[in-house]
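Inspection log for the structure reproduced underneath, given as structure tokens.
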Amino acid sequence: MKRFRQFRETPEIRDKYADVPPIRPSGLIYPYFVTEGEGVREEIATMKDIYRFSIDTLLDDIADTLSLGIDKVLLFGVVPEGEKDERGTAGYKPDNIISRAVRAIKARFPQVVVFTDICLCEYTSHGHCGLLHGHDVENDSTLPLLAEMAYQHAVAGADFVAPSAMMDGQIEALRQRLDREKLPTKILAYSAKYASAYYGPFRDAAGSAPSFGDRKTYQMDYRTKDQGLEEIAADIEEGTDWIMVKPALAYLDILYRASQRFPDYPLVAYQVSGEYSMFLNGARDGLFDEQRIFAESLTAIRRAGARYIITYYAKKFVRAGL
Ligand code: PBG
Ligand code: ZN
């Protein structure tokens, strides 16, 4: 008989044998929704304790985030319906909401590492991630618009642009544009991004639900085993700096395989809005302890090989000392 219980006898012994790398504040990336106006701090109905901020209140909140040791943020733009058009112009005009937010953040907190989401769905009247031709998303004509958005965020001072549209060739389009402009901004590719029901609360937060159809012609089909790895390989080939698997908990197999196959590329996992709200609502309803369910889930993501985790729980995780 092998005596395993000796590894579990006391908290000190359990700590000693815990060999999953710890989750440090510097390994967390905190998402923000940025909107027009002043003094805005609106809680998102489907995501408890997550807000849409105007740029002024965003800066106050980032001061708090930094005080916890979290120095990485991911920005999403939320624009009024009236500013949306077919081509998502609001997302890449020179004074777009995200470029203004990046400038304000960098002026006040130069040490913050700023990631910006690059996609059209937050800015198009139809809510799809690319340009439309009839009811189809037109891959190739979308690429220059994504590159323009990345360029605008990069000149404003973004450290990373993070294309999430799942258009083929989007990494190459961004890479060429950034190189041509001699900008130092890096790319975090949403490489293996699955068409997922877990994005539900986000679409409420960002007002980016498609007005018809779904995203299954561009986001990945979860009934595939190897395509996610091939998507990552293609993004590396096209010149990405960091790679991502999204969502996290339902895709730990993909995450683990990515960590084994691409050890030289910083691997990010996105614990998405549905994961966050599912746990919070479950805890609220007395199904489980909030801190314990997040500690266990985030540790699983880390154990599967994520070096960085994007999570709406980042601040609470650090504050709770988990
Ligand atoms: C937009 C985008 C989405 C998310 C990140 N970028 C929504 C989607 O693709 O439908 C999801 C994030 C989350 O659910 O927390 N392209
Ligand atoms: Zn999108």
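Just so you know, ligand 1 is whichever comes first in the structure, and atom 1 is the first atom listed for that ligand.
Here CD1 of Ile70 is found 11.5 Å from CD1 of Ile62. Values are rounded to the nearest 0.5 Å. Distance check: Tyr222 OH to Tyr194 OH gives 12.5 Å after rounding to the nearest 0.5 Å.
Electrostatic pairing of Asp49 and Lys316 counts as a salt bridge here, judged by a charged N lying under 4.0 Å from a carboxylate O. Contact check on Asp253 versus Lys225 returns no salt bridge, with no Lys/Arg side-chain nitrogen under 4.0 Å from an Asp/Glu carboxylate oxygen. One finds no salt bridge joining Arg175 and Asp235 here, because no Lys/Arg side-chain nitrogen approaches an Asp/Glu carboxylate oxygen to under 4.0 Å. With respect to the salt-bridge test (charged N to carboxylate O, under 4.0 angstrom), the residues Asp226 and Arg261 do not qualify. A salt bridge is absent between Glu9 and Lys16; no separation between the charged side-chain nitrogens and carboxylate oxygens falls under 4.0 Å.
Under 2.8 Å from the Zn ion (ligand 2), one finds the following protein N/O/S atoms: Cys119 SG, Cys121 SG, Cys129 SG.
Closer than 4.0 angstrom to ligand 1 lie heavy atoms from Phe76, Asp117, Cys119, Cys121, Glu122, Ser164, Tyr190, Lys193, Tyr199, Phe202, Arg203, Arg215, Gln219, Lys246, Tyr270, Val272, Ser273, Tyr312.
With hydrogens and angles ignored, the 3.5 Å screen pairs no side-chain donor or acceptor of Arg52 with any backbone N or O of Val78.
Between the side chains of His128 and Tyr218, at least one donor N or O lies within less than 3.5 Å of an accepting N or O.
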